[in-house]
Amino acid sequence: MEQFEKYPVSLTNSLSGKKELFTPINSGFVGMYVCGPTVYSHVHLGNVRTFLSFDIISRYFRFLGYKVRYVRNITDVGHLENDADEGEDKIAKKARLEKIEPMEVVKQYTEDFHQVMRQFNILPPSIEPSATGHILEQIEITKELINKGLAYESNGSVYFNVRKYNNDHHYGILSGRNIEELMESGRELDNQDEKREKIDFALWKKASPHHIMRWPSPWGDGFPGWHIECTVMSTKYLGETFDIHGGGMDLKFPHHECEIAQGTAATGKTPVNYWLHSNMLTVNGQKMSKSLGNSFLPSELFEGSHSLLDRGYGAMTVRFFMLQSHYSSTLDFSNEALQAAEKGFKKLANALNLIKNIEHTTNNTGKEITNKELTTLTRACYQNMSDDFNTAKTLAVLFEMAGRINDMKSGNLQLTALDPVVFNDFKKTYIGFMESVLGLEEEKGQHDELLDGTVRLLIELRKKARTDKNFSLSDKIRDDLKKIGIQIKDGKDGEMTYTID
RNA sequence: GGUUCCGUGGCCGAGUGGCUAGGCUGAGCUCUGCAAAAGCUCCUACAGCGGUUCGAAUCCGCUCGGAACCUCCA
C-alpha cells in the first residue's frame, strides 16, 4: 500500500474555493504546472515564497510515493509592462535600458534565479521550458483560435475575443468575475486601440520597427502575448487536461483566467482540475512588490544590508520562517519574526543532528504509553501535510518530536522503553519530514575539517582543565570561543559538543 | 465603485461548532563547579455588538479596522 493511499491528500481548489480530496487523472501520477518568473530582474523574497510553497507540494507528493512531473516555466518574452497598446515587453525594455541583447538579460536573470533557488534548497522542476523555445506552438494555437472564430487579427496583432468565448463559457470562473463588471472598470479604449473590447487580450503582438525581439508569423513580425505561453507549455508537457496548476495569488486574474479561456477554447476541454494559489509575502501588512519598492533581495537578507533588518539571516532560517504559516495566508516579514524563526529552526536542526546518531538495538517491547505517543506524533506529520500541505501544523509536531529526541539524548526517555519498530519509524519520519518534505537542512557554514580539528583540540584541553579542576582555564577556553561565535556545550557524561553561530 | 480575503495571548503564527497548536519573548524551578543546552511549570487569546445553538474564536447579521485583485507584479 502506497503512502498516498494511507494518507490521501486534500487541497484547497481556487476554482471551487473549497478543500477537495485530490484525485489524480492517472493513479499514482501527478502533473503540475507552476508559473515561473519573468526573468527581467532579480527575484525578491516574495517570489521565493511562491516557489517555496510549490517546492513543498511537489516534494510531499513524491514523498508519498507519487510520480510527479513538475513543470515550471521561464517567461523570457511576451510579458508586457502594461496592457495598453504601447505596452513594452519587460525583457526588451530592460535590454534597451542596459544596451544589451534581450537574451543577455534573460540569461543573466535566469542564472540569478537558479542560484537563489539553490540557496533556499528549492529543487529544480522536472521540466523548465521557456517561452522563446515555444514560439512555433504559440503561433499554431493562435491560428487555431482564429480558425475557431475566437480570436481576430487587427493590424498585425491577434486578440482573444472574450465576449464571444463568454457566450458558451464563463470568463471569470476562477476569480469570480463577470464580463459586465469588468467592462465597467479599468482603462477605457481609445482610438489608437486595436482591440475590439477592452477585456480582450493579446495572443500575438506586432513588433514595431524598433522592437528587438521579433519572430515571423502569418500576421507579420511580432512576439507572443503573455498568457498564451503557459497554455502552450502546460498542455505540451502535461496534456490538455492536467492535475494541478499553481502560481501566486496575484496571477489569478487576469493571467490564469486567460489561460483557462484560451485552453478551453482551443481544446474544448477543461485545462486544469485543481488550481492552487499561494498568498503574498507582506511588509508591514503591505504586499512585497517591486513597484511598491518594499521588496527584499535574497542578497540583502543574507548580508543584512536592508534598512529594515538589524543583521543578516541564513536561507534555512527564512525557509523555516515561511513554512510556519500556511501557503494560502499572507505572511508578514519582519526583523522580530526572523529572530524568533532563527532560534526555532536551530532547535529543530539540533534535534535532527541528535536523532541521526541515536540507534536502537535492544529488542525490548517497551512501554505502551510512550510508544503510543511516538506513534501518534509520527502519524500526525503525514496527516497534517496531507491536509492541504499544512506546514505550520507539521512544524508544531516536529517541535514535539524534537522534545522527545532531546529526552532520548538526556536520558529522560529510555530507549529500552521503546519498541524498536516504533522508534525506527519515528526516526525515519523526523528525518524524512525535515529533509525530504520540508527541505530543512543544517545551515551550510564554514565547518571545514581544519576548523573542526582545531575546536576538537581545544575541547580536549578544556576537558583536561576540568578534570584538573582548573575552572578558570576551562572557562576561559569556553568564553573566548563564545566571543568568536563558537558555543561549547557540556554533556552530562563529560562529553562536549559545539555549535557555530 | 465591483470582487475576494483577513482581524487570534507581549510578538509571530496554526486552528475553525465542544477535546482550549507551535515557535519566540518574559517569570520560576530542575540538571550543572559555573554557564550554555535540555527538561518541567506559569502568564491562556480569539476586533466590537447582536443572533442561531445545550455549547461559537469557529456559523449568520451589522459595525469598525486592514489587505489583495479589478494596469504590471509570485
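Order of the sequence lines fixes the chain letters, A, B, ..., with proteins taken first and strands second; residue numbering starts at 1 for each chain. Computed from a predicted model, the values in this text were never measured in an experiment.
- One finds no side-chain N or O of A:Ser334 lying less than 4.0 angstrom from the OP1 or OP2 phosphate oxygen of B:rC12.
- Counting only heavy atoms from C-beta outward, the side chains of A:His227 and A:Thr231 never approach each other to under 4.5 Å.
- Taking every side-chain heavy atom of A:Lys489 into account, B:rA37 is the closest of B:rG15, B:rA37, B:rG39.
- The listed nucleotides are B:rA14, B:rG33, B:rA74; the one nearest the side chain of A:Ser325 is B:rA14.
- A:Glu400 comes within 4.0 angstrom of the backbone, heavy atoms only, and of no base.
- Nearer the 5' end of RNA chain B, as judged by each residue's closest nucleotide, is the contact made by A:Lys19, out of A:Lys19 and A:Lys290.
- The residue A:Lys409 sits apart from the nucleic acid: no heavy atom pair falls under 4.0 Å.
- For A:Phe253, taking side-chain heavy atoms from C-beta onward, the closest of the listed nucleotides B:rG23, B:rA74, B:rC69 is B:rC69.
- As rounded to whole Å, 15 Å separates atom C1' of B:rA74 from atom OH of A:Tyr327.
- Contact between the side-chain N/O atoms of A:Lys287 and the OP1/OP2 oxygens of B:rC69 is found at a separation under 4.0 Å.
- Rounded to an integer number of Å, the gap from A:Gln324 CD to B:rG23 P is 10 Å.
- Rounded to whole angstrom, the span from the CE atom of A:Met117 across to the P atom of B:rA74 amounts to 11 Å.
- To the nearest 0.5 Å, atom CH2 of residue A:Trp275 and atom CG of residue A:Leu15 are 8.5 Å apart.
- Note on A:Glu194 versus A:Lys206: no salt bridge recorded, every NZ/NE/NH1/NH2 to OD/OE distance being 4.0 Å or above.
- Taking atom NZ of A:Lys343 as the reference point, atom C1' of B:rC11 lies 13 Å away to the nearest angstrom.
- As rounded to the nearest Å, B:rA57 and B:rG17 have C1' atoms that lie 10 Å from one another.
- Taking side-chain N and O atoms only, A:Asn47 has a distance below 4.0 Å to OP1 or OP2 of B:rA74.
- Residue A:Lys409 places its NZ atom among 12 or fewer non-hydrogen atoms of other residues, nucleotides or ligands, all under 6.0 Å distant.
- For the pair A:Phe320 CZ and B:rG22 P, the interatomic distance rounds to 14 Å; values are reported in whole Å.
- Environment of CZ in A:Arg379: sparse, with no more than 12 heavy atoms of neighbouring residues, nucleotides or ligands closer than 6.0 Å.
- A side-chain donor-acceptor contact under 3.5 Å links A:Asn73 and A:Thr75.
- Comparing the P positions of B:rU8 and B:rU4 gives an interatomic distance of 23 Å, to the nearest angstrom.
- Between A:Lys463 and A:Asp468, none of the side-chain N atoms (NZ, or NE/NH1/NH2) sits under 4.0 Å from a carboxylate O, so this pair counts as no salt bridge.
- The nearest whole Å value for the distance from the CZ atom in A:Arg462 to the P atom in B:rA35 is 13 Å.
- Listed nucleotides B:rG33, B:rG13, B:rA35 differ in distance to A:Leu331; the shortest reach to its side chain belongs to B:rG13.
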Readout for nucleotides 26-32 of chain B: B = base within 4.0 Å of protein heavy atom, S = sugar-phosphate only, - = neither; 5' to 3' it is -----S-
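- Proximity of a side-chain donor or acceptor of A:Asp76 to a complementary backbone N or O of A:Ser130 within less than 3.5 Å is not detected.
- Residue A:Lys90 is in sugar-phosphate contact alone, with no base atom involved, counting any heavy-atom pair closer than 4.0 Å across all strands shown.
- Between A:Asp479 and A:Lys482 there is no salt bridge, since none of the side-chain N atoms of the basic residue sits less than 4.0 Å from a carboxylate O of the acidic one.
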What is the per-nucleotide protein-contact pattern of nucleotides 2-7 of chain B, from the 5' end, where B denotes a base atom under 4.0 Å from a protein heavy atom, S denotes such proximity for sugar-phosphate atoms only, and - denotes neither? BS----
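- Geometrically, A:Arg177 engages A:Phe253 in a cation-pi contact, judged by NZ or CZ lying under 6.0 Å from the ring centre and within 45° of the ring axis.
- Ionic pairing of A:Asp490 and A:Arg466 is present here: one or more N-O contacts between side-chain nitrogen and carboxylate oxygen are shorter than 4.0 angstrom.
- Comparing B:rA38, B:rG23, B:rG15 by their closest approach to the side chain of A:Asn406 singles out B:rA38.
- Scanning RNA chain B for stems, defined as runs of 3 or more consecutive Watson-Crick or G-U wobble pairs whose donor-acceptor distances all fall under 3.5 Å, gives the following ranges: B:1-7 with B:64-70, B:10-12 with B:22-24, B:26-30 with B:38-42, B:47-51 with B:59-63.
- Put simply, CZ on A:Phe333 is 12 Å from P on B:rG13, counting in whole angstrom units.
- Atoms CG (A:Leu473) and P (B:rA35) sit 19 Å apart, rounded to a whole Å.
- Heavy atoms of A:Ser53 sit nowhere under 4.0 angstrom from any nucleic acid atom.
- A salt bridge links A:Lys356 with A:Glu435: the distance from a Lys NZ or Arg NE/NH1/NH2 to an Asp or Glu carboxylate oxygen falls below 4.0 Å.
- Under a cutoff of 6.0 Å and an axis angle of 45°, A:Lys195 and A:Phe160 do not form a cation-pi pair.
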